[in-house]
Amino acid sequence: MKTRVGIVGAGPAGLLLSHLLHLEGIDSVVIESRSRQEIEATIRAGVLEHGTVELLRKTGIGARMDREGFVHEGVYLRFAGTTHRIDFKALTGRSIMVYAQHEVIKDLVAARLEAGGMLLFEVKDAAVYDLDTAQPTIRFHQRGKVEELQCDFIAGCDGFHGITRPSIPSRMRHEFTRVYPFGWFGILVEAPPSTDELIYAHHERGFALVSTRSPQIQRLYLQCDPNDELKNWPDSRIWDELHARLETREGWKLAEGRIFQKGVIAMRSYVVEPMRYGRLFLAGDAAHIVPPTGAKGLNLAAADVRVLSKALTSFYKSGNEQALKDYSATALRRVWRAEHFSWWMTSMLHRFHDETPFHHRLQLAELDYVVTSRAKAQTLADNYVGLPLE
Ligand code: RFL
Ligand code: PHB
């Protein structure tokens, strides 16, 4: 098999890249280790930045998002028993969309298949070769047969645990990591919304977040031990903690319901530089991870592949390689801004195991400053709705 761009991974990065290339007349093949059902059912992100929303709309895959997603014009910060609103619309003129990642995945898969795109699911043992030549290759097993895909370029969109990043010789990789001493316990609940916009709550018992999925289904998170197990969290403990961490002086009420999904999420910051080796280009979680507190991961994946698709388009239209040469530096500027924002939000809102009363007071002082200083609120709002795409 031959293609121009071989894409490893059918997450948001790989699927969106394939879609953007198709719109420019550039063919690609996407290989994915999981089944279509699995990728369409994996519960992850929920917040789309303004620029991601516009990109999906402009490229013809925003219709269901516009029908079923929720436009939010702000978020709430809750601390010391009171709630404060950060008004995105007033501060930035922009807003965000709450629309689940697996719904974006469904829309992208449907668009690719409808356009006759090549998506190969349930491939095994993928490996990449000859990355520093003009014809890199992907080899994999499908239905017991060895397949070889010859490419002009390979896009490593296979997430944090994929195979493309480790295929770069270690002396060519500079890695930057921070692992946080806590995780998030995430649940999906059958209940009506308790709030019209997301609530990020700071509390002595730890962070909590109230998000949503639909008028019937809510998404909630609680800071927990990173090695925590589901068996330590019976429903009664989950509700006790959520009530304790989210209670306010004004008597805010959390609507309870049947919990039908639970999971523990590790929290880390990670970047590899550069995001390219020879003809392999990394995009999305394959190249960087942010803690979910800033809601940036999926949006960074979209921003990366937007830059990469433009660079590949310029190469195929004019033979000019400059944009491909600039890909890593261009993408990394946005990546590091998002790394900083996600680290800042995480540091400001979570309880640290070695936290002193002094540290706790500093967090409260910073939160107080965010909700009283227009400049600081604007910083949060600008970063949350997302900086303009390249
Ligand atoms: P993905 O989504 O991990 O997709 C990678 C795909 O590659 C496949 N794969 C392979 N295929 C073939 N051969 C191999 N050897 C392969 N190895 C892996 C995998 O099966 C998979 O299908 O990476 P991508 O495309 O870079 O997308 C990144 C996003 O998924 C991620 O950043 C976000 O989910 C992060 N995130 C959030 N981001 C936001 O922008 N807003 C949010 O509100 C937000 N909330 C979250 C989040 C992530 C979370 N978790 C679970 C980590 C909330 C949570 C709870
Ligand atoms: C979500 O709805 O899953 C979500 C929202 C905001 C975040 C992280 C996750 O910061």
Side-chain angles (χ1 to χ4, degrees), residues 6-18 30-36 38-49 51-52 69-70 72 75 96-102 104-105 108-109 119-128 138-142 155-167 183-188 197-200 207 209-214 217-221 261 263-268 270 282-305 335 338 341-342 345-346 349 384 386:
I7 301 176
V8 185
L15 290 167
L16 183 57
L17 177 62
S18 178
V30 181
I31 64 158
E32 165 60 49
S33 53
R34 296 184 297 156
S35 67
R36 179 178 177 185
E38 269 179 278
I39 65 161
E40 292 188 345
T42 304
I43 306 297
R44 295 185 85 178
V47 172
L48 305 180
E49 290 178 358
T52 309
F70 300 91
H72 285 195
V75 284
I96 53 140
M97 178 79 78
V98 181
Y99 186 61
Q101 175 166 330
H102 66 281
V104 177
I105 295 276
L108 283 165
V109 169
L119 304 182
L120 307 179
F121 292 105
E122 296 178 75
V123 312
K124 300 287 163 245
D125 310 321
V128 292
I138 309 177
R139 260 178 240 139
F140 54 92
H141 286 89
Q142 204 187 25
C157 300
D158 47 350
F160 187 65
H161 301 287
I163 52 98
T164 57
R165 187 182 65 250
S167 308
W184 277 11
F185 195 90
I187 59 168
L188 283 170
E197 289 171 344
L198 272 58
I199 304 172
Y200 287 80
F207 170 75
L209 169 61
V210 184
S211 182
T212 185
R213 285 294 179 268
S214 74
I217 296 177
Q218 311 314 317
R219 179 77 165 141
L220 298 144
Y221 298 97
Q261 211 253 357
V264 175
I265 300 136
M267 306 268 282
R268 76 170 78 228
Y270 171 89
L282 301 178
D285 281 14
H288 41 73
I289 293 287
V290 285
T293 328
K296 286 285 155 259
L298 162 61
N299 295 294
L300 274 185
D304 285 352
V305 298
V335 166
F341 177 66
S342 307
M345 288 283 281
T346 303
L349 288 162
Y384 200 97

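All residue numbers refer to positions in the sequence shown, counting from 1. All values derive from a computational prediction rather than experimental measurement. Read the numbers this way: they start at 1 and go in the same order the structure lists the ligands and their atoms.
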Per-pair distances, 0.1 Å, donor-acceptor, side chain in residues 155-162, under 3.5 Å, sequence neighbours excluded:
unit_1 : atom_1 : unit_2 : atom_2 : d
D158   : OD1    : T164   : OG1    : 2.7
D158   : OD2    : I163   : N      : 2.7
D158   : OD2    : T164   : N      : 3.0
D158   : OD2    : T164   : OG1    : 3.4

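- Close to ligand 2: W184, with a non-hydrogen atom less than 4.0 angstrom away.
- With distances taken over non-hydrogen atoms, the option nearest atom 53 (C) of ligand 1 out of F140, F160, Y221, F121 is Y221.
- Not one N or O of T212 is nearer than 3.5 Å to an N or O of ligand 2, by distance alone.
- Between H161 and ligand 1, a contact under 3.5 Å exists for no N or O pair.
- Heavy-atom proximity to atom 28 (C) of ligand 1, evaluated over V290, I289, D285, is greatest for D285.
- Between V47 and ligand 2, not a single N/O pair is under 3.5 Å apart.
- Between A295 and ligand 1, a contact under 3.5 Å exists for at least one N or O pair.
- The closest approach between G186 and ligand 1 stays at or above 4.0 Å for every heavy atom of the residue.
- Side chain of K296 to backbone of Y384: a donor-acceptor contact under 3.5 angstrom is found.
- Summarising the contacts of atom 35 (C) of ligand 1 with A303, G297, G159, the nearest heavy atom is found in G297.
- Nearest-residue assignment for atom 36 (N) of ligand 1 (options A13, P291, A45, P12; heavy-atom criterion): A45.
- Below 3.5 Å of separation, one finds an N or O of Y221 facing an N or O of ligand 2.
- Here's the thing with L298: one of its N/O atoms is less than 3.5 angstrom from an N/O atom of ligand 1.
- Ligand 2 has at least one atom lying under 4.0 Å from a heavy atom of L209.
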